[in-house]
A.B. asks: 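Attaching a single structure in structure tokens format; questions to follow.
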Amino acid sequence: MFLALLIMSSVYETSSSKFMYWKLNILFFFLLLALQFAGSVLSIESMTNVSRVFFVIGSLEKYAELHTELKWNGWVLMLIISLCLWRGALYLHSNPEILVGMLAL
């Protein structure tokens with residue numbers, strides 16, 4: 001469901017209507033917040049993990065859309081995404097319980 005919403009909320013997928021673009025983006029991020037809240041309240045770790053993963057992917061995708069719409073240099077986009085991934089890897093390395101929680105059955 002979230003992958004489909006992420007694809008549908010892309011500026012390249014909904015280029016015909018700006019209203020539909022904003023409507024789908026609001027729906028996507030509202031559902032992520034609702035999933036994060038429900039997972040926290042009901043103590044379902046997998047639900048909060050899915051919400052976190054798609055929030056990061058959605059945020060990176062929205063930044064890439066903004067970067068390309070403003071016609072900034074593509075190499076700078078690659079540098080920024082690489083820096084985000086590097087910092088994320090350092091964070092996960094110092095907090096391995098996040099990955100363990102995702103892989104626990």
A.B. asks: Do the side chain of T48 and the main chain of E45 share a donor and acceptor less than 3.5 angstrom apart?
C.D. replies: yes
A.B. asks: Measure across G58 and L6 and return the closest heavy-atom pair with its distance rounded to 0.1 Å.
C.D. replies: CA-CD1, 3.6 Å
A.B. asks: Consider only side-chain heavy atoms of I, L, V, M, F, W and Y, link residues closer than 4.5 Å, and tell whether I81 and L79 are in one cluster.
C.D. replies: no
A.B. asks: Run the side chain to side chain contact (heavy atoms under 4.5 Å, CB included) test on F28 and K62 for me, step by step, so that the C-alpha distance in whole Å, both residues' side-chain angles and the decisive distance to 0.1 Å come before the verdict.
C.D. replies: CA-CA 12 Å; F28 176 70; K62 294 303 159 194; 5.7 Å; no
A.B. asks: Say you draw a straight line from CG of L77 to OG of S82; how long is it, rounded to the nearest 0.5 Å?
C.D. replies: 9.0 Å
A.B. asks: How long is the span from the CH2 atom in W86 to the CG atom in L90, to the nearest 0.5 Å?
C.D. replies: 5.5 Å
A.B. asks: Taking L60 as the starting point, is it possible to reach I57 by hopping between hydrophobic residues whose side chains are less than 4.5 Å apart?
C.D. replies: no
A.B. asks: Is the backbone of A64 close enough, under 3.5 Å, to the side chain of T68 for a donor and an acceptor to pair up by distance?
C.D. replies: yes
A.B. asks: Rounded to the nearest 0.5 Å, what separates atom NZ in K71 from atom CG in N73?
C.D. replies: 13.5 Å
A.B. asks: I'd like to know whether I7 forms a side chain to side chain contact (heavy atoms under 4.5 Å, CB included) with L3, so could you lay out the CA-CA distance, the side-chain angles of the two residues, the decisive distance to 0.1 Å, and finally the verdict.
C.D. replies: CA-CA 6 Å; I7 293 168; L3 184 58; 4.2 Å; yes
A.B. asks: Among L33, V56, L31, L35, find the one that has a side chain to side chain contact (heavy atoms under 4.5 Å, CB included) with S51.
C.D. replies: L35
A.B. asks: Is there a path of hydrophobic side-chain contacts, each under 4.5 Å between heavy atoms of I, L, V, M, F, W or Y residues, that connects F30 with V50?
C.D. replies: no
A.B. asks: Is there a path of hydrophobic side-chain contacts, each under 4.5 Å between heavy atoms of I, L, V, M, F, W or Y residues, that connects F19 with M8?
C.D. replies: no
A.B. asks: Would you call the rings of H67 and W72 parallel, tilted or perpendicular, where under 30° means parallel and over 60° means perpendicular?
C.D. replies: perpendicular
A.B. asks: Closest approach of M47 and G39, non-hydrogen atoms and distance?
C.D. replies: SD-N, 3.5 Å
A.B. asks: Taking atom CD of E69 and atom OH of Y12, what is their separation to the nearest 0.5 Å?
C.D. replies: 5.0 Å
A.B. asks: Please step through side chain to side chain contact (heavy atoms under 4.5 Å, CB included) for the pair Y63 and I80, ending with a clear verdict.
C.D. replies: CA-CA 10 Å; Y63 176 72; I80 291 172; 3.1 Å; yes
A.B. asks: Heavy-atom count check: over 12 atoms from other residues, nucleotides or ligands less than 6.0 Å from F55 CZ?
C.D. replies: no
A.B. asks: Give, for atom CH2 of W22 and atom CG of L27, the distance between the pair rounded to the nearest 0.5 Å.
C.D. replies: 14.5 Å
A.B. asks: Do you know which two heavy atoms are closest between S9 and Y21, and how far apart they sit?
C.D. replies: O-CE1, 3.2 Å
A.B. asks: Does I44 belong to the same Ile/Leu/Val/Met/Phe/Trp/Tyr cluster as F2, with side-chain heavy atoms less than 4.5 Å apart forming each link?
C.D. replies: yes
